[in-house]
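One structure is given below, encoded as structure tokens.
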Amino acid sequence: MSVIVPTLNEEVSLPLVLSRIPLSVKEVLLVDGHSTDNTVSVAQQLHPKVRVVYQEGRGKGDALRCGFSQARGDIIVTLDADGSMRPEEMGCFLEALSQGYDFAKGTRFKGDGGSSDMPGHRVFGNWAFARLTNLLHRSRYTDVTYGYNAFWKGCLEKVRLRSNGFDIETETAIRFKKARLKVIEVPSYEDARFGGKANLRSLRDGWLIFRVIVREFVNG
């Protein structure tokens, strides 16, 4: 299993994140967007299995795609570096894959899922994007903008992701569905960012998400 953690100036939150990743994980792949703080050195000190890769482009999607190409594990787990995702939940995602699913999609809007870091306008936006995705792509997602996911690496040959920004999460959900792979949503709780500065911009990234939903519909 490879856990991919994209980073950009996350030295404050990394101790909280990396210390909770099980030592049984074979590879922690930190994909850094050329941080100007001590992100890389902190990561290397915290976890014995951290491997650092520097992304060539910019954006979360570019970082994840870079990580996908470098990952050595048969299973890929994507985990944010800001402390909002709970590494302890990883077993639930792996259990879903062991039951025959290709893609375990984290959701904050089902079962025991939830969020401590979502203002009203983002709740509405997430609801609207999920509804639009389900309408256009005949899916049943409750959350298409959350990045805590796990899947078999071999599936990447069938989905061929291309997004560079935060729209990567929505594109991933749609393309796994379009590829007719077995998908299941796994409830997950999103904590508030532990520290540092958020890189998400609601209007800018909302437009990218809307565009990828429509683009994937138009392109069939």
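Predicted model, so just to flag it, every value in this text is computed and none were measured. All values below come from the heavy atoms of this structure, side chains included, with hydrogens, waters and symmetry mates left out.
Minimum interatomic distance between Ala96 and Ile184 (heavy atoms only, all atoms of both residues): CB-CG2, 3.7 Å. Scanning all heavy atoms of the two residues, the minimum distance from Val77 to Ala150 falls at CG2-CB, 4.0 Å. Of all heavy-atom pairs spanning Pro6 and Ala81, the tightest one is O-CB, 3.6 Å. Across all their heavy atoms, Gly111 and Pro187 have their closest contact at CA-CG, 4.2 Å. The two atoms that bring Ile168 and Gly61 nearest to each other are CB-CA, 3.7 Å, heavy atoms only. Summarising the geometry of Gln55 relative to Gly57, their closest heavy-atom pair is NE2-O, 3.1 Å, with the distance given to 0.1 Å.
Distance check, rounded to the nearest 0.5 Å: CD of Glu216 to NE2 of His137 gives 6.5 Å. Summarising the geometry, atom CD1 belonging to Ile213 is positioned 5.0 Å from atom CG belonging to Leu132; distances are rounded to the nearest 0.5 Å. Here OG of Ser188 is found 9.5 Å from CG of Asn149. Values are rounded to the nearest 0.5 Å. With rounding to the nearest 0.5 angstrom, the CG atom of Leu79 is 8.0 Å from the OG atom of Ser84. Distance check, rounded to the nearest 0.5 Å: CG of Asp167 to CD1 of Ile174 gives 9.5 Å. For the atom pair CG of Leu46 and CG of Leu16, the computed distance is 10.5 Å after rounding to the nearest 0.5 Å.
Ile75 and Val50 fall within the same hydrophobic cluster, defined by Ile, Leu, Val, Met, Phe, Trp and Tyr side-chain heavy atoms under 4.5 Å apart, directly or through other members. Under the 4.5 Å side-chain contact rule for hydrophobic residues, Val144 and Phe151 share a cluster. The same ILVMFWY cluster, assembled from side-chain heavy atoms under 4.5 Å apart, contains both Phe210 and Tyr141. Under a hydrophobic-cluster definition in which Ile, Leu, Val, Met, Phe, Trp and Tyr are linked whenever side-chain heavy atoms come within less than 4.5 Å, directly or via other members, Leu18 and Leu23 are assigned to different clusters. Both Val42 and Leu30 belong to a common hydrophobic cluster when Ile, Leu, Val, Met, Phe, Trp and Tyr are linked at side-chain heavy-atom distances under 4.5 angstrom.
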Report all side-chain donor-acceptor pairs from residues 152-161 shorter than 3.5 Å, counting only partners two or more places apart or in another chain.
residue : atom : partner : partner atom : Å
Trp152  : NE1  : Tyr101  : O            : 3.2
Lys153  : NZ   : Ala71   : O            : 2.4
Arg160  : NE   : Glu157  : O            : 3.4

Check: residues 113-120 side-chain donor-acceptor pairs under 3.5 Å, at least two apart:
residue : atom : partner : partner atom : Å
Ser115  : OG   : Asp117  : N            : 3.0
Ser115  : OG   : Glu190  : OE1          : 2.6
Ser116  : OG   : Tyr189  : OH           : 2.6

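Side chains of Asn134 and Ser139: a donor on one and an acceptor on the other come within 3.5 Å. Remark: the Thr39 side chain and the Thr7 side chain contain no N/O donor-acceptor pair separated by less than 3.5 Å.
No more than 12 heavy atoms of other residues, nucleotides or ligands lie within 6.0 Å of CZ in Arg58, so this atom counts as exposed by the packing criterion. Counting non-hydrogen atoms of other residues, nucleotides and ligands closer than 6.0 Å to CZ of Arg215 gives a total above 12. Applying the 6.0 Å contact sphere to CG of Asp112 captures no more than 12 heavy atoms from other residues, nucleotides or ligands. Within 6.0 Å of CZ in Phe68 there are more than 12 heavy atoms belonging to other residues, nucleotides or ligands.
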Assess the residue pair Tyr146 and Thr107 against the criterion (side-chain contact (heavy atoms from CB on, under 4.5 Å)); give the C-alpha distance rounded to whole Å, side-chain angles, the decisive distance to 0.1 Å, and a yes or no. CA-CA 7 Å; Tyr146 192 43; Thr107 175; 5.8 Å; no

Let me see the working for Leu208 and Asn164 under side-chain contact (heavy atoms from CB on, under 4.5 Å), right down to the final yes or no. CA-CA 10 Å; Leu208 291 176; Asn164 291 322; over 6 Å; no

Chi angles and distances behind the side-chain contact (heavy atoms from CB on, under 4.5 Å) call for Tyr54, Val40: CA-CA 10 Å; Tyr54 292 96; Val40 172; 3.6 Å; yes

List the steps and the verdict of side-chain contact (heavy atoms from CB on, under 4.5 Å) for Gln99 and Lys182. CA-CA 10 Å; Gln99 292 175 356; Lys182 291 189 66 177; over 6 Å; no

Evaluate the salt bridge (charged side-chain N to carboxylate O under 4.0 Å, His left out) criterion for residues Lys105 and Glu169: first the C-alpha distance (whole Å), next the side-chain angles of each, then the deciding distance (0.1 Å), finally the verdict. CA-CA 10 Å; Lys105 171 81 182 73; Glu169 280 111 11; over 6 Å; no

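Listed for the Thr78 side chain is a donor-acceptor partner under 3.5 Å among the backbone atoms of Gly147. Side-chain N or O atoms of His47 include none that pairs as donor or acceptor with a backbone N or O of Arg20 at under 3.5 Å. In terms of modelled atom types and a separation under 3.5 Å, the side chain of Glu171 and the main chain of Val212 share no donor-acceptor contact. The closest donor-acceptor contact from the side chain of Ser163 to the backbone of Gly165 lies at 3.5 Å or more, if one exists at all.
A salt bridge does not link Arg65 with Glu56: every distance from a Lys NZ or Arg NE/NH1/NH2 to an Asp or Glu carboxylate oxygen is 4.0 Å or more. Between Lys110 and Asp143 there is no salt bridge, since no side-chain nitrogen of the basic residue lies less than 4.0 Å from a carboxylate oxygen of the acidic one. Using a 4.0 Å cut-off between charged nitrogen and carboxylate oxygen, Lys60 and Asp80 count as a salt-bridge pair. Under 4.0 Å is where a charged nitrogen must lie from a carboxylate oxygen, and between Arg140 and Glu185 no such pair does.
Between Tyr148 and Phe93, the ring centre distance stays below 6.0 Å.
Contacts of Phe103 classified as ring pair (Phe, Tyr, Trp, His ring centres under 6.0 Å), with partners at least two apart in sequence or in another chain: Phe176. For Lys177, the salt bridge (Lys or Arg N to Asp or Glu O under 4.0 Å) criterion is met by no residue, not counting sequence neighbours.
Sorted by first and then second residue, the salt bridge (charged side-chain N to carboxylate O under 4.0 Å, His left out) pairs with a member in residues 89-103 form an empty list; sequence neighbours excluded. Sorted by first and then second residue, the salt bridge (charged side-chain N to carboxylate O under 4.0 Å, His left out) pairs involving residues 28-53 (not counting sequence neighbours) are Glu27-Arg51.
Counting heavy atoms from C-beta on, the side chains of Val3 and Met90 come closer than 4.5 Å.
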